Amino acid sequence: MVVNVVVLDYGSGNLRSAERALARVGADVQVTSDFDTAFECDGLVVPGVGAFAACMAGLTRVRGEQLISRRLAAGRPVLGICVGMQILFEEGVEHGVRTAGCGEWPGTVERLKAPVLPHMGWNTVSAPEGSVLFAGLDADTRFYFVHSYGVRRWELTAGPGFAEPKVAWAEHGEPFVAAAENGPLAATQFHPEKSGDAGATLLENWLRAIT
């Protein structure tokens with residue numbers, strides 16, 4: 001079964017790299033900012049690079065925050081990548097300025113406390129047991145990161161009728177959230193589209209899970 005995927009074009013992210021990576025693992029991919037097309041597709045990918053505030057401004061211009069909210073309310077899968085993951089949280093803090101995010105997950109995106117920033121290059125990820133995204137990947141598998149900010153504390157916990165989200169961690173100076181899986185919403189701080197065969201496996205796992 002061919003999965004129809006939209007890479008959301010809101011002026012940020014490695015759109016063509018994401019498009020090529022998804023096509024490589026068998027998805028029928030379209031890059032668009034059209035609201036209806038992005039709502040109706042099987043899977044929506046929200047990329048993002050650069051500043052949190054700039055990404056949120058671009059997302060708002062195409063009603064991206066509404067799109068994400070409506071898809072999730074309907075149980076339709078969304079995958080955030082890099083800053084596309086960060087904007088899913090309540091807020092981002094850059095240079096003392098707080099910017100509201102989409103608020104799909106509680107928490108704050110902050111500058112990492114590390115001796116060298118940005119965190120750029122390959123790093124391992126500690127994946128949770130039962131993860132769908134990391135299925136079939138060894139613990140020493142490396143993924144490609146480029147960022148100076150991240151989520152240092154995961155704040156969403158299980159409740160009545162609500163399964164515990166699966167959260168993966170990485171470390172650069174301190175632990176930070178590397179990926180999360182929470183029902184139809186999933187996201188990675190690293191770039192699967194730049195992570196070679198490991199990234200391809202992760203994207204393939206995501207596609208398989210949404211069919």
Side-chain angles (χ1 to χ4, degrees), residues 1-8 13-14 17-29 41-49 68 71-72 75-89 102 104-105 107 109 119 121-147 150-158 162-172 175-211:
M1 179 180 178
V2 176
V3 184
N4 174 253
V5 174
V6 162
V7 176
L8 185 63
N14 301 296
S17 294
E19 179 185 25
R20 287 192 297 271
L22 287 157
R24 173 188 172 189
V25 295
D28 179 11
V29 193
C41 67
D42 297 323
L44 176 67
V45 174
V46 182
V49 296
I68 292 168
R71 279 189 62 91
L72 295 177
R76 296 185 170 184
V78 175
L79 175 67
I81 296 175
C82 197
V83 184
M85 169 181 170
Q86 295 178 3
I87 58 177
L88 297 170
F89 289 85
C102 293
E104 299 297 340
W105 285 325
V109 178
H119 172 214
W122 299 85
N123 201 349
T124 56
V125 170
S126 177
E129 185 177 349
S131 167
V132 171
L133 291 181
F134 294 94
L137 293 166
D138 296 332
D140 60 353
T141 301
R142 293 179 177 271
F143 298 89
Y144 191 78
F145 291 83
V146 184
H147 65 117
V151 176
R152 299 160 60 206
R153 293 173 296 278
W154 180 262
E155 300 180 17
L156 183 64
T157 57
F162 177 72
E164 185 77 33
K166 297 186 185 303
V167 182
W169 295 84
E171 187 162 336
H172 181 70
F176 64 88
V177 176
E181 303 165 56
N182 179 210
L185 183 57
T188 66
Q189 177 61 70
F190 55 84
H191 289 273
E193 78 282 6
K194 293 183 177 181
S195 296
D197 290 344
T201 297
L202 184 141
L203 292 174
E204 198 168 25
N205 286 342
W206 180 69
L207 290 178
R208 189 179 300 113
I210 70 177
T211 56

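Bear in mind the structure is a predicted one, so any value in this text is a computation, not a measurement. The first residue in the sequence is number 1, and the count goes up from there.
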Counting only N and O atoms by type, is there a donor-acceptor contact under 3.5 Å from the side chain of W154 to the main-chain atoms of L156?
-> yes
May I have the step-by-step check of side chain to side chain contact (heavy atoms under 4.5 Å, CB included) for L79 and V46, ending in yes or no?
-> CA-CA 6 Å; L79 175 67; V46 182; over 6 Å; no
Correct closest heavy-atom pair for V5 and A27 would be CG2-CB, 3.9 Å
Ring center gap for H191 and Y144 short of 6.0 angstrom = no
Check whether any side-chain N or O of Q189 sits under 3.5 Å from a backbone N or O of I81 as a donor-acceptor pair, and report yes or no.
-> no
Which atom of P192 lies closest to which atom of L202, heavy atoms considered = CB-CD2, 4.2 Å
Could you state the interatomic distance from SG (C82) to CD1 (I87), rounded to the nearest 0.5 Å?
-> 10.5 Å
Nearest-0.5 Å distance that lies between atom CD1 in I210 and atom CZ in R76 | 12.0 Å
Check whether any side-chain N or O of N205 sits under 3.5 Å from a backbone N or O of A135 as a donor-acceptor pair, and report yes or no.
-> yes
Determine whether F143 and L137 make a side-chain contact, defined as any pair of heavy atoms from C-beta on separated by less than 4.5 Å.
-> yes
Answer yes or no: is there a donor N or O on one side and an acceptor on the other, between the side chain of S195 and the main chain of A198, under 3.5 Å?
-> no
Can you check side chain to side chain contact (heavy atoms under 4.5 Å, CB included) on E104 and L185, steps first, answer last?
-> CA-CA 9 Å; E104 299 297 340; L185 183 57; 3.8 Å; yes
E181 and F134: side chain to side chain contact (heavy atoms under 4.5 Å, CB included), yes or no, with the steps?
-> CA-CA 10 Å; E181 303 165 56; F134 294 94; 4.2 Å; yes
For the side chain of S17 and the backbone of N14, is there at least one donor-acceptor N/O pair under 3.5 Å apart?
-> no
Report yes or no: does R71 contribute a side-chain atom to a donor-acceptor pair with the main-chain N or O of C41 at less than 3.5 Å?
-> yes
Does the side chain of P77 reach to within under 4.5 Å of the side chain of L44, using non-hydrogen atoms?
-> no
Crowded around D197 CG? As in, over 12 foreign heavy atoms under 6.0 Å?
-> no
Got V132 and W206 here, is their nearest side-chain heavy-atom distance under 4.5 Å?
-> no
Could you pull out the closest heavy-atom pair between A127 and A168, with the gap in Å?
-> CA-CB, 4.0 Å
Measure up the F89 and W105 rings against each other and bin them: parallel (under 30°), tilted (30 to 60°), perpendicular (over 60°).
-> tilted
Please report the closest heavy-atom contact between L72 and P184, naming both atoms and the distance.
-> CD2-CG, 3.9 Å
Counting only N and O atoms by type, is there a donor-acceptor contact under 3.5 Å from the side chain of T141 to the main-chain atoms of D138?
-> yes
Are the aromatic ring centres of H119 and F176 under 6.0 angstrom apart?
-> yes
D42 and V2: which non-hydrogen atoms are nearest, and at how many Å?
-> OD2-O, 4.2 Å
Determine yes or no for a side-chain-to-main-chain donor-acceptor pair under 3.5 angstrom, with N123 supplying the side chain and E171 the backbone.
-> yes
Nearest heavy-atom neighbours spanning K166 and P128 | CB-CG, 3.6 Å
Is L8 close to V45 at the side-chain level, that is, under 4.5 Å between some pair of heavy atoms?
-> no
Hey, are the side chains of M85 and F190 touching, using non-hydrogen atoms and a 4.5 Å cut-off?
-> no
Between F145 and T188, does a side chain to side chain contact (heavy atoms under 4.5 Å, CB included) hold up when you go through it step by step?
-> CA-CA 10 Å; F145 291 83; T188 66; over 6 Å; no
To the nearest 0.5 angstrom, please state how far the CG atom of L88 sits from the CG atom of N182.
-> 10.0 Å
